[in-house]
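Structure first, then comments.
Residue numbers start from 1 in every chain, and the chains themselves are labelled A, B, ... in the order their sequence lines are given, proteins ahead of strands. Being a predicted model, the structure only gives us computed values, none of them experimental.
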Number of protein chains: 2
Amino acid sequence: MPGNALTANGSALTQAERTAISDKAMLDAAIDLILEHGTDGTTLQAIGEKAGYSRGLATYRFGSKAGLFDEVCKSISRRWLNYLNNVVGDKDGIDAMSVALDAFFQFISDSPRDARVLQILYCGAASPKSEYRQTSVNIHQRQRDDVANWIRAGMQAGSVREDADAESVAVQYIAYISGMTYLWLINPESVDFGKANEDMKQQLRRWLQQ
Amino acid sequence: MPGNALTANGSALTQAERTAISDKAMLDAAIDLILEHGTDGTTLQAIGEKAGYSRGLATYRFGSKAGLFDEVCKSISRRWLNYLNNVVGDKDGIDAMSVALDAFFQFISDSPRDARVLQILYCGAASPKSEYRQTSVNIHQRQRDDVANWIRAGMQAGSVREDADAESVAVQYIAYISGMTYLWLINPESVDFGKANEDMKQQLRRWLQQ
DNA sequence: ATAAAACTTGTTGTCGACAAGCAAGTGAGT
DNA sequence: ACTCACTTGCTTGTCGACAACAAGTTTTAT
């Protein structure tokens, strides 16, 4: 199943390669299965076997079901944040927030599976005793800090009004995205994400432009 | 344990009274346990026994664990929507939306247990195969419709600009509340819900006032 | 007294977790 | 370059917990 080029030692695969391959296979399998059956409905046995391994590997590798989900959450978040950083570049202020909204819409359109699973996992993190709540808290806090920094940079650059409260705007912005994504997840047809983003951009301009 | 007044027949309790009492006891027990252990961590046995019954009653009454959670969700939602309707009364437009924001903050402050459990259950509804997703969809849709109607009424009454898009505003509003509540749930200290609501009210005035 | 409804107990299949074992890979000493 | 001790990746056996269902018991109704 894996490639058959030999390593320097003459062995088929390095240990690091083996784990990398099985890791990725299991994370991919988990995404598919979470999409289809939700977190409760996916079993470690199903993940292991869909990935081409035994029922026991997922527990061995990730410690627990929650540990695996935490890793899926971090993995998808990394992809999204990388993409976001590329798109925003060194923009700031209203520009940065606007292209970030466009980027998120693009992410949802291009990678709906990743986006859906990420939101499902965020929702799972809401439960008390959730072993990956901290991951969700950290990611949301980081995004919030990024937005606040964009606004402060915009104020310094002169594109954002001096009397704006960066933290307040950031909270509104993150709450909007989080809430919209939830509504989209539970009932995709009921929301026009693109239209809502245009409205949000207009609001931000009204609020922040001087 | 229950009251000891006899019914007309000489029996201690009517059948309807018995189910009403055990129903309420189990829903209350479920709220406590969900708060403490999350939905995954609460067992039907724990719910039944905390309510003062056997491990089997919850399944017998609600059909399944998901059926019980659905009932908890509907039960708390009813309380919230009743309270909301009383507060809003026949207000419309920006007034209605503003007092609704205040009412929600009040709800969270006065009944944080109910508010937290409701949000936890909404999050659970995000999972595919969730047996009570439709309940969450219906409640969110209804609240969205209410908001849109407030705005249309405000437009007719002349307090809201004629060129406002009621549906768009309603989506933004519901997304804001949904997102804020999630952020509050996963990390209560990180958000100043009252301050954010004041910001939101200001935004709505800026957007809708003519 | 007989039916019906509320409630409990017995049972089964599934799942996550852990432990013990097997197989593949690694690297130091020769 | 070979090998042998060791490590790491992975699998299988097993156990306790749980939801669901069925069959049974108790309480209320007629």
Reading 5' to 3' through nucleotides 14-19 of chain D, protein heavy-atom contacts under 4.0 Å coded B for base, S for sugar-phosphate only, - for none: B---SS

Going through the distances and angles, do D145(A) and Q141(A) end up as a side chain to side chain donor-acceptor pair (under 3.5 Å)? CA-CA 6 Å; D145(A) 292 343; Q141(A) 187 63 46; 3.1 Å; yes

Can you tell me how far [atom2] of [N] sits from [atom1] of [X], to the nearest Å?
| X | N | atom1 | atom2 | result |
| --- | --- | --- | --- | --- |
| F62(A) | dC18(C) | CZ | C1' | 18 Å |
| M26(B) | dT8(C) | CE | C1' | 13 Å |
| Y53(A) | dT12(D) | OH | P | 14 Å |
| L57(B) | dA20(D) | CG | C1' | 14 Å |

Contacts of [X] that satisfy ring-ring contact (aromatic ring centres under 6.0 Å, His included) - sequence neighbours left out:
| X | result |
| --- | --- |
| Y182(A) | H140(B) |
| W80(A) | F104(A), F107(A) |
| Y176(A) | none |

Which residues satisfy the salt bridge (Lys or Arg N to Asp or Glu O under 4.0 Å) test with [X], sequence neighbours excluded?
| X | result |
| --- | --- |
| R55(B) | none |
| E131(B) | none |
| D146(A) | none |

Give each protein N/O atom lying under 3.5 Å from an N/O atom of nucleotides 5-8 of chain D, with the pair distance.
none

Check side chain to side chain donor-acceptor pair (under 3.5 Å) between [X] and all other residues, then give those that pass, not counting sequence neighbours.
| X | answer |
| --- | --- |
| R113(B) | D32(B) |
| D114(B) | R79(B) |
| T59(B) | none |

Detail all sub-3.5 Å separations between protein N/O atoms and N/O atoms belonging to nucleotides 1-3 of chain C.
none

D199(B) and side-chain hydrogen bond (donor to acceptor under 3.5 Å, both in side chains): which partner among K195(B), K201(B), Q203(B)?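 In the set K195(B), K201(B), Q203(B), the residue that makes a side-chain hydrogen bond (donor to acceptor under 3.5 Å, both in side chains) with D199(B) is K195(B).
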
Between S22(B) and G56(A), which residue's closest nucleotide on DNA chain C lies nearer the 5′ terminus?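 Nearer the 5' end of the strand: S22(B).
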
